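Presented below is the structure to which this report refers.
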2 protein chains.
Amino acid sequence: MPEPAPLDPEQLAAYFAVMEVGSLLQHAVEQQLRDEGGLSYIQFQILAVVGESAEGRQRMTDVADRLVHSRSGLTYQVAQLAERGLVAKESSPEDERSVIVALTPQGRELLERVMAGHVEVVRGLFFTPLNDEDVTALGDVLGRVRDHMRTVPPRSAAPRRRRGN
Amino acid sequence: MPEPAPLDPEQLAAYFAVMEVGSLLQHAVEQQLRDEGGLSYIQFQILAVVGESAEGRQRMTDVADRLVHSRSGLTYQVAQLAERGLVAKESSPEDERSVIVALTPQGRELLERVMAGHVEVVRGLFFTPLNDEDVTALGDVLGRVRDHMRTVPPRSAAPRRRRGN
DNA sequence: TATTGTTATACTCTATAACTATA
DNA sequence: TATAGTTATAGAGTATAACAATA
């Protein structure tokens, strides 16, 4: 294998910027969610993903796939949310193996309450220094990167079909 | 306080894209660092920040400030690295309170070895779908966001001068 | 008094592997 | 045999607060 060429300065700047912005934004958002709703970012994401679906109901597996979680990690987080009465677990009539996560009224209420502050943080921190063109450009370029990332195999080379998750 | 306007679809797309790209990229990079060097991302960053300075030496506080770490978290991570002989802790001649983190030869060697794979992952995952203009645009826009983020107070309103960190 | 750093502690989160049950 | 999910367990990381020492 030949020496990989180093990244040029512009590439490095872009890479570091993405990582730092993502990290700082996540930090800020986490604090707001913790303060205003006692939620971690992942818990918030679970509520959001479930709440955004048609009737506030999603299969465990579908939530896990979307949030990159390990199955057991999702089981843990959903248990935390269920303990607070924010979601309820139901069995699926179609597939006895499946578990459905359903947003409770309290869950929806908390989600809506917390979302307001969330939007404010994101707007203040992220969008303030940007104009419409910047936003469009960002969405376009990063959207392409995201699509590419979703395509590329996890670089564990082998497709990895065995052993769940 | 008036209802905050929700983010428009373009803004949402950009926000989600940043978070997802950052998260996926971090995941991929973490796996490579773990596999090839037994390093967490933060440990890698510590080595990189220290190694990038003039003589491979940095004060604890300066490293912590740059990596958003709590002091105690940095103490912990530096201890991990020191146990493996990748860094050494030295006292500062100028300020008896300070502790200097210095990259050892083994630390530098590992950093260089791991950096190759790191660059490959970033290139393959992040830069493949982008042309030069995209990269420039990204660096410009996200650079502005980052600068803005560094400026804005942590939204805990109060300047927070008391109590370290 | 403010700053630098460490320690103890408690907690959250994550991942792995073994396991059950349904398809 | 593959898929959906849980459990037990163990480990890594983080934050807080109390502390010691130097500026």
Side-chain angles (χ1 to χ4, degrees), chain A residues 23 26-27 30-31 33-35 38-46 57-84 87-102 154 156 159-165, chain B residues 23 26-27 30-31 33-35 37-46 58-84 87-102 154 156 159-165:
Chain A
S23 164
Q26 185 171 345
H27 238 76
E30 253 164 8
Q31 188 183 325
L33 292 172
R34 186 77 63 192
D35 291 350
L39 294 171
S40 68
Y41 193 46
I42 301 123
Q43 290 169 351
F44 169 73
Q45 290 183 98
I46 293 173
R57 301 159 55 81
Q58 285 274 290
R59 287 199 323 159
M60 292 284 282
T61 291
D62 295 334
V63 178
D65 287 351
R66 188 138 160 212
L67 298 182
V68 187
H69 258 307
S70 65
R71 309 277 223 229
S72 67
L74 183 64
T75 295
Y76 171 76
Q77 292 296 352
V78 168
Q80 301 302 109
L81 294 173
E83 234 175 54
R84 292 179 57 188
V87 300
K89 295 169 84 166
E90 307 172 356
S91 53
S92 164
E94 302 153 10
D95 186 335
E96 287 290 325
R97 295 172 304 181
S98 295
V99 170
I100 303 288
V101 184
S156 317
R160 181 201 295 209
R161 273 262 169 256
R162 328 232 145 226
R163 286 270 106 197
N165 196 317
Chain B
S23 164
Q26 184 170 346
H27 237 77
E30 251 163 9
Q31 188 182 325
L33 292 172
R34 186 76 64 190
D35 292 349
L39 293 171
S40 67
Y41 193 47
I42 301 124
Q43 289 169 352
F44 169 75
Q45 290 182 99
I46 293 172
Q58 285 275 289
R59 287 200 323 161
M60 290 285 281
T61 290
D62 295 334
V63 178
D65 286 351
R66 189 140 158 208
L67 298 182
V68 186
H69 258 306
S70 66
R71 309 282 225 225
S72 67
L74 184 64
T75 296
Y76 170 77
Q77 291 297 351
V78 168
Q80 301 302 108
L81 294 172
E83 234 175 54
R84 294 178 56 188
V87 301
K89 295 169 83 168
E90 306 171 357
S91 54
S92 165
E94 302 152 9
D95 185 336
E96 287 292 324
R97 295 173 304 181
S98 296
V99 171
I100 303 289
V101 185
S156 315
R160 185 206 287 213
R161 272 263 168 257
R162 327 234 145 223
R163 285 270 107 196
N165 191 312

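Order of the sequence lines fixes the chain letters, A, B, ..., with proteins taken first and strands second; residue numbering starts at 1 for each chain. All values reported here derive from a predicted model rather than from experimental measurement.
Remark: S70(A) is not in phosphate contact with dT14(C), judged by side-chain N or O atoms under 4.0 Å from OP1 or OP2. Residue T75(B) places no side-chain N or O under 4.0 Å from the OP1 or OP2 atom of dT7(C). At the phosphate of dT4(C), OP1 or OP2 sits under 4.0 Å from a side-chain N or O atom of R71(B). Between S72(A) and the phosphate of dT14(C), there is no side-chain N or O to OP1/OP2 separation shorter than 4.0 Å.
From L67(B), atom CG reaches atom CG of L74(B) across 7.5 Å, with rounding to the nearest 0.5 Å. The distance from the CD atom of Q58(B) to the CZ atom of R66(B) is 7.0 Å, given to the nearest 0.5 Å. To the nearest 0.5 Å, atom CZ of residue R84(B) and atom CG of residue L39(B) are 5.0 Å apart.
Among all heavy-atom pairs drawn from S40(A) and R34(A), the shortest one is CB-NH2, 3.8 Å. Taking every heavy atom of both residues into account, G38(A) and Q43(A) meet most closely at O-OE1, 4.0 Å. Of all heavy-atom pairs between I46(B) and L81(B), the closest is CG2-CD1, 3.8 Å. Nearest approach of I100(B) to S91(B), heavy atoms of both residues: CG1-C, 4.4 Å.
Atom CD in Q43(A) sits roughly 9 Å away from atom C1' in dT12(C) (whole-Å rounding). Following rounding to the nearest Å, L67(B) (CG) and dT14(D) (C1') show an atom-to-atom distance of 15 Å. At whole-Å resolution of the value, CD in Q31(A) and C1' in dT14(D) are 14 Å apart. Rounded to an integer number of Å, the gap from OH of Y41(A) to P of dT14(D) is 18 Å. In this entry the distance linking CE of M60(A) with C1' of dT20(C) reads 15 Å, nearest Å. Computed from coordinates, the H69(A) NE2 to dA4(D) P distance equals 17 Å when rounded to whole Å. Atom CD in E30(B) sits about 16 Å away from atom P in dC13(C), given to the nearest Å. In this structure, R34(A) places its CZ atom 14 Å from P of dC11(C), rounding to the nearest Å.
Residue order along DNA chain C, read from the 5' end via each residue's closest nucleotide, puts K89(B) first among K89(B) and Y76(A). Place V99(A) and H27(A) on DNA chain D by their nearest nucleotides, and V99(A) ends up nearer the 5' end.
Residue contacts shown for L74(B) are absent, as no nucleic acid heavy atom lies under 4.0 Å away. Contact annotation for Q77(A): backbone-only contact, meaning every heavy-atom pair under 4.0 Å involves sugar-phosphate atoms and none involves a base. Nucleic acid contact class of S98(B) (heavy atoms, under 4.0 Å, all strands): sugar-phosphate only.
Side chain of R59(B), nearest nucleotide from dT6(D), dA15(C), dT4(C): dT4(C).
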Please list, for nucleotides 20-23 of chain D, all pairs of protein and nucleotide N/O atoms separated by less than 3.5 Å.
{"residue": "dA23(D)", "atom": "OP1", "partner": "E96(B)", "partner atom": "N", "Å": "3.0"}
{"residue": "dA23(D)", "atom": "O4'", "partner": "R97(B)", "partner atom": "NH1", "Å": "3.4"}

Quiz item: side chain to side chain contact (heavy atoms under 4.5 Å, CB included) between M60(A) and T75(A): does it pass, once the steps are laid out?
Solution: CA-CA 8 Å; M60(A) 292 284 282; T75(A) 295; 3.9 Å; yes

